[in-house]
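Quick notes on the structure that follows.
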Amino acid sequence: MKTNILGAITALLLTATSANAEPFRLIVTDLETPLVPNSVMDLAVQQGYFEREGVDVELVRVQQTPSALAAIQAGEGEMANIGVDALLLLVAGGADDLRAVISPNKSLPFLIVAKDEIATPADLAGRSFGIGRPGSLDQSLSTRVMAANGVDTSAVEFVALGQPNVRAQALVAGQVDATTVSIGVWSSIPDTTGLHVLVDQAAYYEAAPQVSKVNIVTQEVLDERRDDVKKVITALIKASRDYAADPAAWVSAMETALPSADPATLTELGTSFQNSWSTNGGLSKDELEATVTALYQGEDFANVRPVTITEWTDFTLIDEVLADLGTDDKMDPVTR
């Protein structure tokens, strides 16, 4: 009898151990370690942040948000990093089991760069400005940034050029007077003589606070692996806080992840993004509502039913984590 009882207990322990050993699959849309801010998920694996919280995170790499959504809906991962716009469209279409629980890379690292002769945003009036396409996200955000700086946007000549690297090339060639690019694109320009940053990343986001991406889980994952989700959130917040406190720590981690990257460029990126990390998890109700409002002004949402925050966001997990960690009052506001 004792043997049978011991055998049963051993079997239960082995089953529990096996269940606990299952990796937590995080679906990301970068095929290699990206730059700021998306890098935090890769680096949290590389630097042992997840491991220290007691969760075995495995990155599942796909190309772009549609593939990430398909993967999580097919059960090929427990969490996915996706675009807010795609999530809203899916929820508006009837999906009711997806919830955003953290935004480790909430802000697009956009800035406005211009010719040196354009000294202030007000000088953009009457000048040409490169955009992706009419109604594109970069145009809508930059228009808000200009308006916040007192620019009469009707006096700006918007020129559709395509992707950020193409817009940057056009600026360098003198084909436009200013444009919106990411920090990474700006840092990769070999020679910026005659050009300067007109609106930096922090000022850009302050004027147009739009959450770009969120990490979502299904209700099934929330029900079955809630503790693991909290551990993932905890690890990402801790990593974000460390990189905000010491940009050199991010640079060092990136040099390991991308040995071919230019150290000077990494240093510039780390310093530029120092005050933009999601040190409280990136889920501000005010910023999310501003994001929804901005997206619904675009053509893609012209005939889409309005959705409420509660239909696609769960603040409870991140609030529980912040109750333990405390909040960082210097950046990344926590509003509910």
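In this structure, a donor-acceptor pair under 3.5 Å is absent between the side chains of T192 and W186. Side-chain contact check for T335 and S284: at least one donor-acceptor pair (N or O, by modelled atom type) lies under 3.5 Å. In the model, S276 has a side-chain atom that pairs as donor or acceptor with a side-chain atom of Q201 under 3.5 Å. Inspection of the R144 and Q210 side chains reveals an N or O donor paired with an N or O acceptor under 3.5 Å.
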Test side-chain contact (heavy atoms from CB on, under 4.5 Å) applied to W250 and D242, step by step:
CA-CA 8 Å; W250 178 80; D242 286 348; over 6 Å; no
Determine, stepwise, if the pair K330 / T279 fulfils side chain to side chain donor-acceptor pair (under 3.5 Å).
CA-CA 9 Å; K330 294 178 293 185; T279 53; over 6 Å; no
Please report the C-alpha distance between K106 and D332 in whole Å, then the side-chain angles of each, then the deciding distance to 0.1 Å, and finally whether the salt bridge (charged side-chain N to carboxylate O under 4.0 Å, His left out) criterion is met.
CA-CA 10 Å; K106 67 174 183 177; D332 191 21; 2.9 Å; yes
Do V55 and V232 pass the side-chain contact (heavy atoms from CB on, under 4.5 Å) test, and can you show the C-alpha distance, the side-chain angles, and the key distance before you say yes or no?
CA-CA 7 Å; V55 59; V232 170; 4.3 Å; yes
Determine, stepwise, if the pair T218 / L98 fulfils side-chain contact (heavy atoms from CB on, under 4.5 Å).
CA-CA 5 Å; T218 63; L98 302 175; 3.8 Å; yes
Yes or no on salt bridge (charged side-chain N to carboxylate O under 4.0 Å, His left out) for E78 and R25, after CA distance, side-chain angles and deciding distance?
CA-CA 5 Å; E78 282 65 53; R25 296 165 297 175; 2.7 Å; yes
CA sep, side-chain torsions, deciding dist, call: R226, T316, side chain to side chain donor-acceptor pair (under 3.5 Å):
CA-CA 11 Å; R226 183 181 179 90; T316 62; 3.2 Å; yes
Where do M79 and V221 land on the side-chain contact (heavy atoms from CB on, under 4.5 Å) test, with the steps shown first?
CA-CA 8 Å; M79 178 181 284; V221 169; over 6 Å; no
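Counting only residues at least two apart or in different chains, ring pair (Phe, Tyr, Trp, His ring centres under 6.0 Å) contacts with residues 78-120 comprise F110-Y204.
Between the side chain of S136 and the main chain of R133, a donor-acceptor pair closer than 3.5 Å is present. Remark: the backbone N or O of V151 is not paired with any side-chain donor or acceptor of N149 at under 3.5 angstrom. A donor-acceptor pair under 3.5 Å is absent between the side-chain atoms of S252 and the main chain of A248, judged by distance alone. Between the side chain of N280 and the backbone N or O of D328, at least one donor-acceptor pair lies under 3.5 Å. Side-chain atoms of N38 do not come within 3.5 Å of backbone N or O of P34 as any donor-acceptor pair. One N or O on the side chain of H196 and one on the backbone of I118 form a donor-acceptor pair closer than 3.5 Å. Here the side chain of T153 pairs no donor or acceptor atom with the backbone of T143 at under 3.5 angstrom.
Summarising the geometry of V211 relative to S103, their closest heavy-atom pair is CG1-OG, 3.6 Å, with the distance given to 0.1 Å. Among all heavy-atom pairs drawn from G77 and I27, the shortest one is CA-CD1, 3.8 Å. Of all heavy-atom pairs spanning A235 and F50, the tightest one is CB-CD2, 3.4 Å. Taking both residues in full, the closest heavy atoms of V334 and L322 are given as CG2-CD1, 4.1 Å, listed atom of the first, atom of the second, then distance. Here the shortest heavy-atom pairing between V62 and A68 reads CG2-N, 3.7 Å. A261 and L266 get closest at one heavy-atom pair: CB-CD1, 3.8 Å.
Rounded to the nearest 0.5 Å, atoms CZ (F315) and CZ (R336) are 5.0 Å apart. One finds the OG atom of S67 at 12.0 Å from the CD1 atom of I82 (value rounded to the nearest 0.5 Å). Atoms OG1 and CG, from T291 and D286 in turn, are 10.5 Å apart once rounded to the nearest 0.5 Å. The distance from atom CZ of R61 to atom CG of L26, rounded to the nearest 0.5 Å, is 9.5 Å. With rounding to the nearest 0.5 angstrom, the CD1 atom of I233 is 5.0 Å from the CG atom of L317. N215 contributes atom CG, which lies 6.5 Å from atom CG of L236 (distance to the nearest 0.5 angstrom).
Between F273 and S107, some side-chain heavy-atom pair lies under the 4.5 Å cut-off. Residues N105 and N81 meet the side-chain proximity criterion, which asks for heavy atoms closer than 4.5 Å. Taking 4.5 Å as the limit, some side-chain heavy atom of W312 sits within range of a side-chain heavy atom of L288. Between V145 and E206 the shortest side-chain heavy-atom distance does not fall below 4.5 Å. Residues T234 and D324 are not in side-chain contact: their nearest non-hydrogen atoms beyond the backbone lie 4.5 Å or more apart. Contact check for M254 versus L43: side-chain heavy atoms found under the 4.5 Å cut-off. Looking at E76 and V60, their side chains never come closer than 4.5 Å, going by heavy atoms from C-beta outward. Contact check for E287 versus P333: side-chain heavy atoms found under the 4.5 Å cut-off.
In this structure, F158 is a member of the same hydrophobic cluster as L198, with clusters built from ILVMFWY side-chain heavy atoms closer than 4.5 Å. Hydrophobic clustering of Ile, Leu, Val, Met, Phe, Trp and Tyr side chains at less than 4.5 Å, counting indirect connections, keeps L124 apart from V159. When hydrophobic clusters are built by joining Ile, Leu, Val, Met, Phe, Trp and Tyr residues whose side-chain heavy atoms come closer than 4.5 Å, directly or via intermediates, F24 is grouped together with L222. Residue I237 is grouped with residue Y243 when hydrophobic side chains (ILVMFWY) are merged at heavy-atom distances under 4.5 angstrom, including chains of intermediate members. Put simply, I112 and V185 are part of two different groups of oily side chains (I, L, V, M, F, W, Y) that touch within less than 4.5 Å, one to the next.
Around atom CG of D223, more than 12 heavy atoms belonging to other residues, nucleotides or ligands sit under 6.0 Å away. Within 6.0 Å of the CD atom in Q63, the count of heavy atoms belonging to other residues, nucleotides or ligands does not exceed 12. For CD of E320, the number of neighbouring non-hydrogen atoms (other residues, nucleotides, ligands) closer than 6.0 Å is greater than 12. Annotation for E289: atom CD counts as buried by contact number, over 12 foreign heavy atoms lying within 6.0 Å.
Under 4.0 Å is where a charged nitrogen must lie from a carboxylate oxygen, and between E53 and K238 at least one such pair does. Ion pairing of R305 with E311 is present here, as a side-chain N (NZ or NE/NH1/NH2) and a carboxylate O approach within less than 4.0 Å.
R127 forms no cation-pi arrangement with F129, by the criterion of a distance under 6.0 Å to the ring centre and an angle within 45° of the ring axis.
For T33, the side chain to side chain donor-acceptor pair (under 3.5 Å) test picks out D42, with sequence neighbours left out.
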In residues 167-178, what donor-acceptor pairs under 3.5 Å come from side-chain atoms, sequence neighbours left out?
{"residue": "R167", "atom": "NE", "partner": "T179", "partner atom": "OG1", "Å": "3.4"}
{"residue": "R167", "atom": "NE", "partner": "T180", "partner atom": "O", "Å": "3.1"}
{"residue": "R167", "atom": "NH1", "partner": "G162", "partner atom": "O", "Å": "2.6"}
{"residue": "R167", "atom": "NH2", "partner": "T180", "partner atom": "O", "Å": "2.8"}
{"residue": "D177", "atom": "OD1", "partner": "K115", "partner atom": "NZ", "Å": "3.0"}
{"residue": "D177", "atom": "OD2", "partner": "S128", "partner atom": "N", "Å": "3.0"}
{"residue": "D177", "atom": "OD2", "partner": "S128", "partner atom": "OG", "Å": "3.2"}

